[in-house]
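Report on the following structure.
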Amino acid sequence: MNKQQTTRQPHPSLTGGAKGGSLITIAIDGHSSCGKSTMAKDLAREIGYIYIDSGAMYRCCTLFALEQGLISADGTIDEAALEARMSEIHVSFQLNAATGRPDTYLNGECVEQRIRTMEVSSHVSPIAALPFVRAAMTAQQQAMGREGGIVMDGRDIGTAVFPDAEMKVFVTASDEIRAQRRYDELVAKGQPADFDEVLANLRERDRIDSTRAVAPLRQADDAIVLDNSHMTIPEQKQWLLDLFHKKTHPSPSL
Ligand code: DC
């Protein structure tokens with residue numbers, strides 16, 4: 001794993017609190033396409049924390065498997081070959097000065113666009129369900145978050161990657177609203193998209209993600225649920241910031 005390359009510039013008034021002045025760990029989990037990455041990125045930028053999109057890491061593994069011919073036309077994965085080549089997968093993140101957000105790099109090459117295609121989306125859940133893929137990615141995620149000061153989003157961050165995170169949020173929204181958001185995103189990027197296909201894909205991913213044996217998608221017992229079906233992006237951002245302030249500057253009476 002290359003060293004995470006996004007910069008951390010905490011604003012002094014926004015950090016500290018829960019660990020006696022140190023930086024906290026923020027885990028944001030939830031269903032596919034519920035907008036958690038946007039929320040998490042915005043929060044990290046606002047508070048000067050590192051942002052890690054753990055889904056992008058599973059997408060990189062999937063892109064690698066597709067490009068190396070390890071997934072056949074019927075979707076069968078050559079698990080033995082992928083396991084043997086896991087050490088060839090190096091994921092890193094680098095801040096894109098133009099967007100102010102981190103781009104994903106696979107083995108030194110920017111793959112931010114290529115990991116978001118429908119092809120990758122339709123193969124990523126079975127790849128993410130493989131125990132050896134999860135073990136490798138979880139270890140890398142834990143190394144990235146060792147010092148705190150991190151916002152990580154995914155499916156198992158509050159349950160398996162950082163079970164002791166000081167702030168845990170579980171985001172959800174209705175299936176149709178999530179599919180519409182994903183569809184709009186693909187169209188905006190000029191990628192081919194069909195609403196029904198997008199809806200079926202996200203339902204199928206939710207099903208695989210929540211029923212897999214290792215670290216399934218589920219709400220951590222101590223996570224706070226946010227249904228953002230009817231919230232604007234600025235409202236979601238404010239909600240998260242308010243929660244962050246409560247976690248880092250708790251009222252003395254609480
Ligand atoms: O958030 P996303 O849609 O980019 O995630 C892509 C896939 O990776 C998704 O199907 C579930 C999986 N994933 C996971 O299993 N664990 C995570 N922590 C993040 C994503």
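We count ligands from 1, going down the list as the structure has it; atoms in each ligand are counted the same way.
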Is the H123 to Y58 ring centre distance short of 6.0 Å?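 No, ring centres 6.0 Å or more apart.
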Taking the side chain from D29 and the backbone from I157, do they hold a donor-acceptor pair closer than 3.5 Å? yes
If we ignore hydrogens and angles and just use 3.5 Å, is the side chain of E235 paired with the main-chain N or O of T232 as donor and acceptor? yes
Considering only protein heavy atoms, which is closest to atom 18 (N) of ligand 1, and at what distance to one decimal place?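 The closest one turns out to be D156 OD1, 2.8 Å.
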Do any heavy atoms of S32 fall under 4.0 Å from ligand 1? no
Does M137 have a heavy atom less than 4.0 Å from any atom of ligand 1? no
Using a 4.0 Å heavy-atom threshold (strictly under), name the region of [X] that reaches ligand 1: side chain, backbone, both or neither.
X: Q141; value: neither
X: I157; value: side chain
X: R59; value: side chain
X: R205; value: side chain

In sequence, state the C-alpha distance, the side-chain angles, and the governing distance for K237 and D242, and then conclude on salt bridge (Lys or Arg N to Asp or Glu O under 4.0 Å). CA-CA 9 Å; K237 187 172 163 184; D242 290 346; over 6 Å; no
List in chain and number order the residues that pass side chain to side chain donor-acceptor pair (under 3.5 Å) with T117, two or more places apart in sequence or in another chain; answer none if no residue qualifies. none
Within the structure, does S125 bring an N/O atom to less than 3.5 angstrom of an N/O atom in ligand 1? yes
Close N or O approach (S54, ligand 1; < 3.5 Å): yes
Apply side-chain contact (heavy atoms from CB on, under 4.5 Å) to the pair W239 and F244, showing each step before the final yes or no. CA-CA 9 Å; W239 184 94; F244 174 76; over 6 Å; no
Could you check R212, R205, R207 and say which one makes a salt bridge (charged side-chain N to carboxylate O under 4.0 Å, His left out) with D209?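 Of the listed options, the one satisfying the test is R212.
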